[in-house]
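In what follows, a single structure is set out as structure tokens and then discussed.
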Amino acid sequence: MSEEKSLNFIEEIIETDLNEGKYKSIITRFPPEPNGYLHIGHSKSICLNFGLAKKFGGGTNLRFDDTNPVTEDTEYVESIKEDIRWLGFEWSNEFYASDYFDTLFEYALKLINKGLAYVDDSTSEEIATLKGTPTEPGKDSIYRSRSIEENIHLFNEMKDGKYKDGEKVLRAKIDMSHTNMLMRDPIIYRIKHAHHHRTGDKWCIYPMYDFAHGQSDSIENITHSICTLEFIPHRELYDWLIEKLEIFPSHQYEFARLNMTYTVMSKRKLLQLVNDGHVSGWDDPRMPTISGFRRKGYTPLSIRNFCDKIGVAKRENLIDLSLLEFCLREDLNMTAKRVMSVLDPIKLIITNYEEDKTEMLTSENGPDETLGHRNIPFGRELWIEREDFMEEAAKKWFRLAPDAMVRLKSAYIVKCESFEKDNDGNITAIHCTYIPESKSGQDTSGISVKGTIHWVSVKHAATAEVRLYDRLFKSENPAAEEGDFKEYMNPDSLHIIHNAFIEPSLLTANLEDRFQFIRKGYFCLDKDSTREKLVFNRTVTLKDAWSKEVKKG
RNA sequence: UGGGUUAUUGUGUAAAGGUAGCACUACAGAUUUUGAUUCUGUCUGUCUAGGUUCGAAUCCUAGUAACCCAACCA
């Protein structure tokens, strides 16, 4: 069996570059703009950039692309750093595009001096009109032929705050009839009298993305600058600027961004969900943000494995949420402690069990022996799951029903003798007898049953709030649907159970703990928990063969 | 209608002219003190039409479809 995985196209490029001696080692970068929270799509980029450097021996810089002061904030800087660390990556350097504002200004001057940039007084409307369309060439601005001296003078005045926002811009002088719209004299500097989260009020002109990103890559000697597909048209400009500026030739490579079923991934849409109150915040467990997944109970390993499995290519994709859930369950199955919790309770009374007796039973904490064992109190009255009883047993029903036998997990086999109903026909209690010789671990009864159900002792049960999450959208691809994507939200994405019964061992749970509520799913403590009131989030359900059986009819 | 990018099963991703493989999903079965896990098995694919070749997912020609580009956003 060969464990060798074939390289993705970027790894192939790097391997070739290294083999041919183009570089001795590589440097990558992760360049978020600090204007929002990171989402699962970013984790693909993070895993790629950091993973590449790790694989080929190199480093990865964290660089904040903070060239637009009006949208950016240190709140985002902090959350981004937290998320990257949580995912398990450490950057070699923490840089900011704003660190380079002085250098970038010099670069602009150099371009002007080469006759390759000019100050344009046109309004944004005029610039847009003159730009033409994809099918029609643009026209030169009347300011295009200004002298180098005048441009230098004007650009310095822009920097010195002589002009208001929008009055002037600096443009690269390339070709107004270029087939690539980005090469039609792109704006490289604009005036913004705005407070920057790091440089304060030092600057009132700020470089555009195209005059900051590639230059920052170059300053940091980034060998492989990896970004998403929509930046392909920028590459020509990226290369042009590096060539004219005569600086270190970083190279840009593009891969397809991650899309996932039943969610949206654009920052704009996520911001809308937060601002319109559809979710409680960026870290709402239903959000596809890293902080949302973290709060919901996802593990860093599961997300890294997911990013590894989805691969890297240039094709548009829509990844099944089920793959992420598979990676999650794969990890949690090995590590989560098994406990019992009854979410929708009904009382079970063992009529032949001593009235006030309490027995401490032991149960394994999981399939892996290293997880150890714990004691669970057992008594005459138990809470069991309402859905584990059927008045009239269905076909292939292994659980409780009149005259049927089941095992109570880690305890005894019981037989249902009768049940009580209220006036509305709701079942209120189930009466069973237990088989004393069937005690878990020392069963001499010789009886084997098909079903095992979970329970919590009525006398010893604690209560907790349990939040059950479902997908945020009903549509597989809400962004591609007609109309507003919010029309496709799932109205039942959150179901709160205010008083679930939990086994007493859960009272000492910590925020980092991961649990499997046996037969119900994986859960973790939410940060809303207090000592008086525990709150659990359902991380993900277990696979459920029975519900499929039911659907088949 | 200009330019760019992409096309392999339901979803992803391999195969660099030589057996279309892997994972998820789905389905069937075995095991199970979680209808979980684990194990075994099954199904479905090279965008279309031509061509080159002993042989094409791969090369050539012509189509088709999807996505991106006309922010003083990144």
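Just so it is clear: chains get the letters A, B, ... in the order the sequence lines come, proteins before strands, and each one is counted from 1.
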Point-to-point distance, once rounded to the nearest 0.5 Å, from CZ of A:F523 to CG of A:L343: 5.5 Å
How would you label the contact of A:K552 with the nucleic acid (heavy atoms, under 4.0 Å): base, sugar-phosphate, or nothing? sugar-phosphate
With sugar-phosphate meaning primed atoms plus P, OP1 and OP2, does A:Y206 contact a base, only sugar-phosphate, or nothing at under 4.0 Å between heavy atoms? nothing
Sequence neighbours excluded, the answer for side chain to side chain donor-acceptor pair (under 3.5 Å) partners of A:S438 is none
Out of B:U25, B:C72, B:A16, which has the shortest distance to the side chain of A:R190? B:C72
Which whole number of Å gives the distance between the P atom of B:C54 and that of B:U64? 32 Å
Are the side chain of A:T28 and the backbone of A:N49 linked by a donor-acceptor contact shorter than 3.5 Å? yes
Name the nucleic acid region contacted by A:G451, choosing base, sugar-phosphate or nothing; use a 4.0 angstrom heavy-atom cut-off, strictly under. nothing
Write down the distance separating the C1' atoms in B:G18 and B:C59, rounded off to the nearest Å. 15 Å
A:Q215 has an atom CD; how far is it from atom C1' of B:A74, in whole Å? 14 Å
Out of B:G35, B:U25, B:A74, minimum distance to the side chain of A:F398 belongs to B:G35
Interatomic distance, A:H193 NE2 vs B:C72 C1' [rounded to whole Å]: 13 Å
Would you call A:D344-A:K520 a salt bridge at under 4.0 Å N-O? no
A:I384 pairs by side chain to side chain contact (heavy atoms under 4.5 Å, CB included) with which of A:V406, A:L400, A:V456? A:L400
Has the side chain of A:R519 got a donor or acceptor that lies under 3.5 Å from a partner of the other kind on the base of B:U34? no
Give every pair of a protein N or O atom and an N or O atom of nucleotides 2-6 of chain B that lie under 3.5 Å apart, one pair per line with the distance.
{"unit_1": "B:G2", "atom_1": "N3", "unit_2": "A:P134", "atom_2": "O", "d": "3.0"}

Is any side-chain N of the basic residue among A:R399 and A:E385 closer than 4.0 Å to the acidic one's carboxylate O? no
Report the residue (A:E125 or A:P367) whose heavy-atom-nearest nucleotide on RNA chain B is the more 5′ of the two. A:P367
Under-4.0 Å salt bridge between A:K131 and A:D185: no
Distance check, P atoms only: B:U6 and B:U42, in whole angstrom units. 36 Å
Taking only the side-chain heavy atoms of A:K409 (C-beta and beyond), determine which of B:U11, B:U33, B:G35 contains the nearest atom. B:U33
Salt bridge check: are A:E72 and A:R198 linked by an N-O gap of less than 4.0 Å? no
Quantified in whole Å, what is the C1' atom distance between nucleotide B:U46 and nucleotide B:A7? 10 Å
Under the side chain to side chain contact (heavy atoms under 4.5 Å, CB included) rule, collect the residues that match up with A:H193, sequence neighbours excluded. A:D165, A:I191, A:C204
CZ-CG distance between A:R374 and A:L506, expressed to the nearest 0.5 angstrom: 9.0 Å
Distance check: side-chain N/O of A:K548 vs OP1/OP2 of B:C27, anything under 4.0 Å? yes
Should the pair A:R514-A:D331 be classified as a salt bridge under the 4.0 Å nitrogen-to-oxygen rule? no
Taking A:E316 first and then A:R257, would you say they form a salt bridge - that is, a charged N and a carboxylate O separated by under 4.0 Å? no
A:R63 bridged to A:D217 by N-O distance under 4.0 Å: yes
Touch class at under 4.0 angstrom, heavy-atom based, for A:K520 against every strand present: nothing
Just call it for A:Q516: base, sugar-phosphate, or nothing, with non-hydrogen atoms closer than 4.0 Å on any strand. base
Select base, sugar-phosphate, or nothing to describe what A:M208 touches, counting heavy atoms under 4.0 Å on all strands. sugar-phosphate
Report the nucleotide, chosen from B:U25, B:G12, B:A71, that has the shortest atom-to-atom distance to any side-chain atom of A:A128. B:A71
Base, sugar-phosphate, or nothing for A:S448, non-hydrogen atoms under 4.0 angstrom? nothing
Which dot-bracket string fits RNA chain B when only Watson-Crick or G-U wobble pairs with both atom distances under 3.5 Å count, crossing pairs get [ ], and | stands for a partner on a different strand? .((((((..((((....[..)))).(((((.......)))))....(((((..]....))))))))))).....
Does a distance-only test, which skips hydrogens and angles, find a donor-acceptor pair under 3.5 Å between the side chain of A:H454 and the base of B:A36? no
So A:S124, base contact, sugar-phosphate only, or nothing? Heavy-atom distance under 4.0 Å. base
Can you check whether any acceptor in the base of B:U37 is under 3.5 Å from a donor in the side chain of A:R329, or vice versa? no
Ordered by number, residues from residues 258-266 of chain A within less than 4.0 Å of RNA chain B (heavy atoms) are none
Presence of salt bridge, A:D175 and A:R184, under 4.0 angstrom: no
Between B:U11 and B:G51, how far is it from one C1' atom to the other, in whole Å? 33 Å
Contact check, side chains of A:L270 and A:P288, non-hydrogen atoms, under 4.5 Å: yes
Taking the nucleotide of RNA chain B with the nearest heavy atom to each, does A:S438 or A:E72 sit closer to the 5' end? A:S438
Taking B:G45 as the reference, what is the distance to B:U13 when you measure between their C1' atoms (whole Å, please)? 13 Å
Applying a 4.0 Å non-hydrogen cut-off, can you work out what A:V312 is touching in the nucleic acid: base, sugar-phosphate, or nothing? sugar-phosphate
Could you check whether A:E254 pairs with A:R235 (Lys NZ or Arg NE/NH1/NH2 to Asp/Glu carboxylate O, under 4.0 Å)? yes
Just the table, please: protein N/O against nucleotides 38-43 of chain B N/O, every pair under 3.5 Å.
none

Look at all strands and tell whether A:R338 reaches a base, only sugar-phosphate, or nothing, counting heavy atoms closer than 4.0 Å. base
Considering only side-chain heavy atoms of A:N68, which listed nucleotide, B:G35, B:A70, B:A74, is closest? B:A74
Using the P atom on both, measure B:U19 against B:G55 and round to a whole Å. 15 Å
Using the C1' atom as the point on both nucleotides, what is the distance between B:U58 and B:G17, in whole Å? 7 Å
Judged by modelled atom types alone, do A:S225 and A:Q252 share a side-chain donor-acceptor pair under 3.5 Å? no
NA contact type, A:T541, heavy-atom cut-off 4.0 Å: base, sugar-phosphate, or nothing? nothing
Between B:U25, B:A28, B:G35, which nucleotide gets closest to the side-chain atoms of A:A545? B:G35
